[in-house]
Amino acid sequence: MRVSGKRLRSLVGVLAIALAAGGCSLVDNMKGRNGGDGKAGGETAASAAPETAGQAVLPYRQEVVADNLNVPWAFEISSDGRMFFTERSGAVRMIRDGKLVKDPVISMPAPFVSKGEGGLLGLALDPQFADNHYMYVYHTYEDKGQTKNRLLRLIEQSGKAKLDKVLIDGLPGSTNHNGGRIKFGPDGHLYVTSGDRYEPPLAQDTKSLGGKILRIRPDGSVPADNPFPGSPVYSYGHRNPQGLVWQPETGKLFASEHGQSAHDEINVIEAGANYGWPTIEGDQTAPRMKPPLAHSGTTTWAPSGMTFVTKGPWKGSMLAANLRGEQLIRFELSGDGGQPAVSGKQYWLQRQLGRIRDVYEGPDGSLYVLTNNRDGRGTPKAGDDKIIRLVPEAVK
């Protein structure tokens with residue numbers, strides 16, 4: 001029997017509505033039939049049939065904000081509307097009035113190096129940026145033949161920046177596993193992710209700054225209420241964390257982390273807690289070690305930047321950018337102020353943009369995603385790399 005295109009679309013729409021009425025998304029139902037988080041399940045459903053009704057249709061319109069970039073890594077918007085981002089090759093760039101400014105805000109001087117996954121990584125604007133013009137960057141450098149990472153405070157004026165202060169240096173570094181995400185928390189302190197430099201025991205050594213999430217004041221000093229007195233270490237047992245975000249309603253901190261072979265993790269971060277690497281990963285457990293909120297099982301996500309959505313069709317969701325997975329994961333969370341749980345998980349933009357390094361929510365509810373197809377592991381297309389704006393579509 002031949003079915004017309006109109007009839008087929010109608011049947012698909014009825015199916016999506018029926019699934020939603022049962023309390024599950026189309027994505028989760030298809031994933032469940034194939035078991036776990038394997039690629040044969042829900043990872044392709046959200047983007048495989050963009051013409052279908054309901055949750056299979058991306059409720060955002062895509063616009064290219066900037067293109068032909070060199071591995072953009074982190075992105076922030078200032079209160080005056082300027083957009084700042086880092087390129088891993090060593091430049092802080094600016095978009096002003098919707099146009100990419102040709103000359104960089106700053107190009108990192110020696111001893112900066114960019115090799116492998118190292119280079120100019122995280123970026124954060126001071127909560128009082130409009131007054132003090134402080135911006136913070138994390139970068140890789142060489143010291144006496146050794147690869148290390150450090151955190152700098154810059155001061156920006158009229159679209160140009162200069163070094164103000166080195167806040168932390170000597171962080172373990174290597175070709176890979178450099179961590180690199182920096183974010184201000186709701187407490188006004190600066191949080192920094194560091195990798196294990198391919199030396200897993202560093203993650204369990206609380207005297208080492210490798211394989212950790214660090215917490216410092218904006219001047220580089222250690223807060224008195226940090227879990228290890230006099231130390232910037234906030235949590236440990238991490239392999240290569242690359243994402244940080246706080247849930248607006250609860251203030252809980254979430255982090256994304258690369259696993260050794262798949263088993264990439266999303267963790268709920270608590271002060272002084274041990275997240276298990278290299279002793280446990282995935283569903284494994286051990287005394288006094290925290291299991292992840294979610295993990296990728298035998299699939300590889302390679303999660304990086306994260307954001308919570310506070311406006312628009314995905315309000316309340318947590319998003320994680322994926323490199324190897326070439327997608328955005330939308331996590332729907334449940335929990336009444338206690339331990340959160342994942343109540344739904346959907347995969348969007350699969351293989352449409354390539355490797356996605358960061359995702360950021362703008363003040364108007366638009367989402368900004370940064371591609372990393374020129375990072376040595378992707379397949380660049382014309383115009384790569386890009387910053388793409390996802391503009392919420394009007395609810396119909």
Side-chain angles (χ1 to χ4, degrees), residues 60 65-66 69-77 83-88 92-93 95 117-125 135-139 151 176-185 190-195 213 238-248 253-259 264-269 293-294 296 300-310 314 317-331 347-350 353-362 366-375 377-378 384-390:
Y60 293 84
V65 176
L69 306 177
N70 194 359
V71 193
W73 212 94
F75 178 92
E76 284 233 20
I77 300 177
M83 302 175 184
F84 296 92
F85 65 94
T86 56
E87 289 181 312
R88 198 178 66 185
V92 177
R93 306 288 303 276
I95 298 169
E117 293 176 359
L120 181 56
L121 307 179
L123 167 73
L125 301 183
M135 57 173 55
Y136 304 78
V137 294
Y138 182 109
H139 78 80
L151 179 68
N176 299 322
H177 292 206
N178 291 291
R181 190 67 59 184
I182 57 177
K183 292 285 184 180
F184 272 94
L190 191 59
Y191 291 72
V192 182
T193 72
S194 67
I213 293 176
H238 300 289
R239 183 174 180 269
N240 189 21
Q242 290 195 1
L244 294 171
V245 71
W246 286 261
Q247 188 174 34
L253 172 58
F254 295 76
S256 67
E257 181 168 341
H258 292 201
D264 301 315
E265 297 181 353
I266 304 295
N267 287 297
V268 184
I269 304 301
L293 172 71
S296 66
T300 299
W301 295 337
S304 192
M306 305 170 72
T307 196
F308 265 96
V309 183
T310 63
W314 287 350
S317 301
M318 180 176 68
L319 304 180
N322 284 195
L323 294 160
R324 177 71 176 273
E326 298 189 359
Q327 64 195 359
L328 283 180
I329 303 182
R330 177 191 175 197
F331 294 93
Y347 302 81
W348 295 89
L349 298 174
Q350 271 211 322
L353 305 179
R355 295 166 62 81
I356 302 178
R357 173 66 68 179
D358 199 13
V359 56
Y360 179 95
E361 185 189 42
S366 293
L367 303 174
Y368 296 82
V369 296
L370 280 59
T371 71
N372 266 197
N373 296 314
R374 296 177 61 187
D375 66 356
R377 294 181 175 177
D384 278 333
D385 276 316
K386 301 175 183 178
I387 296 175
I388 296 173
R389 180 187 181 201
L390 303 181

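Numbering of residues begins at 1 and proceeds along the displayed sequence.
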Check side chain to side chain donor-acceptor pair (under 3.5 Å) between Ser317 and all other residues, then give those that pass, not counting sequence neighbours. Arg330

For Ser256 and Met306, the nearest pair of non-hydrogen atoms, with its separation, is N-SD, 3.4 Å

State which residues pass side chain to side chain donor-acceptor pair (under 3.5 Å) with Asn178; sequence neighbours excluded, sorted by chain then number. Asn149

Check: Trp246 ring centre within less than 6.0 Å of Tyr191 ring centre: yes

Can a salt bridge be assigned to the pair Arg374 and Glu87 using a cut-off of 4.0 Å between side-chain N and carboxylate O? no

Taking all atoms of both residues into account, what is the closest heavy-atom pair of Ala320 and Ile266, and its distance? CB-CD1, 4.4 Å

Parallel, tilted or perpendicular, as decided by the 30° and 60° cut-offs, for the rings of Trp348 and Trp314: tilted

Sorted by chain and residue number, the side chain to side chain donor-acceptor pair (under 3.5 Å) partners of Asn240 (sequence neighbours excluded) come out as none

Intermediate values then yes/no, side chain to side chain donor-acceptor pair (under 3.5 Å), Asn322 and Gln327: CA-CA 5 Å; Asn322 284 195; Gln327 64 195 359; 2.8 Å; yes

Are the charged groups of Asp358 and Arg181 less than 4.0 angstrom apart, N to O? yes

Are Phe254 and Phe308 near enough that their ring centres are under 6.0 Å apart? yes

Any side-chain heavy atom of Lys183 sitting closer than 4.5 Å to one from Val245? no

